[in-house]
Protein chains: 2
Amino acid sequence: MSPPLDAFDRKLLMEIQRDAQTPQAELGARVNLSTAAVNRRLRRLAEDGVIERYTAVVAPDKVDHPLTIVVNVEVESEQIDQLDAMKRSFERCPQIQQCYYVTGEWDFVLILAVRNMDQYNALTRELFFANNNVKRFKTLVSMSRVKVGLEVPVEPGE
Amino acid sequence: MSPPLDAFDRKLLMEIQRDAQTPQAELGARVNLSTAAVNRRLRRLAEDGVIERYTAVVAPDKVDHPLTIVVNVEVESEQIDQLDAMKRSFERCPQIQQCYYVTGEWDFVLILAVRNMDQYNALTRELFFANNNVKRFKTLVSMSRVKVGLEVPVEPGE
DNA sequence: TCTGAAAATGGACCTTT
DNA sequence: AAAGGTCCATTTTCAGA
């Protein structure tokens, strides 16, 4: 189906993760390919789902969402349909940037961007208190976003 | 310095968070603005740091990093220089996508993308066991990435 | 807001392996 | 066949009037 990534693909992925606006000609110069070849590869990487999407990263504090909050959630029941319903409610909530279903002491880890504590408290009621499949949750308020990104390491290899 | 965002800015930000490749002409059609106006606004938003950067989101499993791991870390000492050193070591580690310094039971929350458990164990040694300012850490392995993004809600308001 | 130049993208076509 | 390169048309960006 999708051929394995070669060294060119990997370099391109590293570059466009750092800056998706780099012109294809510039990318070509960096990896030693013609712009046409770069163009073809990028299109293929997108078609194959290696590149999921292109996005602008917005500074939360500049758009009045200065508060980052991490929430651990434990559920009552791990029945599939219960879990699915919960996942959907998390997906739908715009303030939830990320939701991971995890093993261990907790079942979900959420990352939220909110306007203030009032908004978080309101969400807390909607998402957790109103949901009787939530056994307990723990709030960790972020004082500093030390590193924030979605970059995946792409080794030069092969 | 930077004038507050108006309704046009907000709509544009929503759009380009969803798809940063949307042509400015198309954006203009959606928000009811000429392409030139869109162009000026996007440039200004970037200059003002509202748009931090443009990036391609890569599927971790397609580049051999199928494992997402959340780690909670508690430190021994919260002395500034100790903390700074720790933050820098987290920033430098390419497998660490995100690092939040938080209040509460834990001091740091990390999100990692790794190739496999062996790689995680190795990182664990470098980052935690080799650092005597790490009191303890807890690993939460993600079984499913329910929602992953950095989108910040930008209300239509103003 | 409109117009036009410059830049970037992406297809056609030919060549190499 | 699969992938690269060159060339060219189209699209997009972006500045000046």
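For clarity, every value in this text was computed on a predicted model and none was experimentally measured. Sequence lines set the chain letters: A, B, ... in the order given, protein chains first and strands last, and positions in each chain run from 1.
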By nearest atom, which of the nucleotides [options] is closest to the [X] side chain?
X	options	value
A/Arg41	D/dT13, C/dG10, D/dA3	D/dA3
A/Arg40	D/dC14, D/dG4, D/dA3	D/dG4
A/Pro23	D/dT12, D/dC14, C/dA8	C/dA8
A/Ser34	D/dC14, D/dT6, C/dG10	D/dT6
A/Ala37	C/dT9, D/dG5, C/dT1	D/dG5
A/Gln24	C/dT9, C/dT1, D/dT6	C/dT9
A/Leu33	C/dG11, D/dG4, D/dT12	D/dG4

Is any NZ, NE, NH1 or NH2 atom of the basic residue among [X] and [Y] found under 4.0 Å from an Asp or Glu carboxylate oxygen of the other?
X	Y	answer
B/Lys62	A/Asp48	no
A/Glu151	B/Arg53	yes
B/Arg30	B/Glu15	yes

Report task. Just call it for A/Arg43: base, sugar-phosphate, or nothing, with non-hydrogen atoms closer than 4.0 Å on any strand. Result ->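 Sugar-phosphate: the residue A/Arg43, judged by heavy atoms under 4.0 Å, touches backbone atoms but no base.
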Query raised in the report: Using a cut-off of 4.0 Å on non-hydrogen atoms, how would the nucleic acid contact of B/Ala36 be classed: base, sugar-phosphate, or nothing?
Result: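 Base, at least one base heavy atom under 4.0 Å.
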Find the distance [X]:[atom1] to [N]:[atom2] and express it as a whole number of Å.
X	N	atom1	atom2	result
A/Leu12	D/dG4	CG	P	10 Å
B/Leu45	D/dT13	CG	P	15 Å
A/Gln21	D/dT13	CD	P	9 Å
A/Glu47	C/dG10	CD	P	11 Å
B/Asn39	D/dT11	CG	P	19 Å
A/Asp48	D/dA3	CG	P	11 Å
A/Arg44	C/dG10	CZ	P	16 Å
B/Tyr54	D/dT12	OH	C1'	14 Å

Query - Nearest-0.5 Å distance, CG of residue B/Asn131 to CZ of residue B/Phe90 - result: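 The distance works out to 7.0 Å.
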**Report entry** Option passing ring-ring contact (aromatic ring centres under 6.0 Å, His included) with A/Phe137 (candidates A/Phe108, A/Phe129, A/Trp106)
**Finding:**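 Single pass found, and it is A/Phe129.
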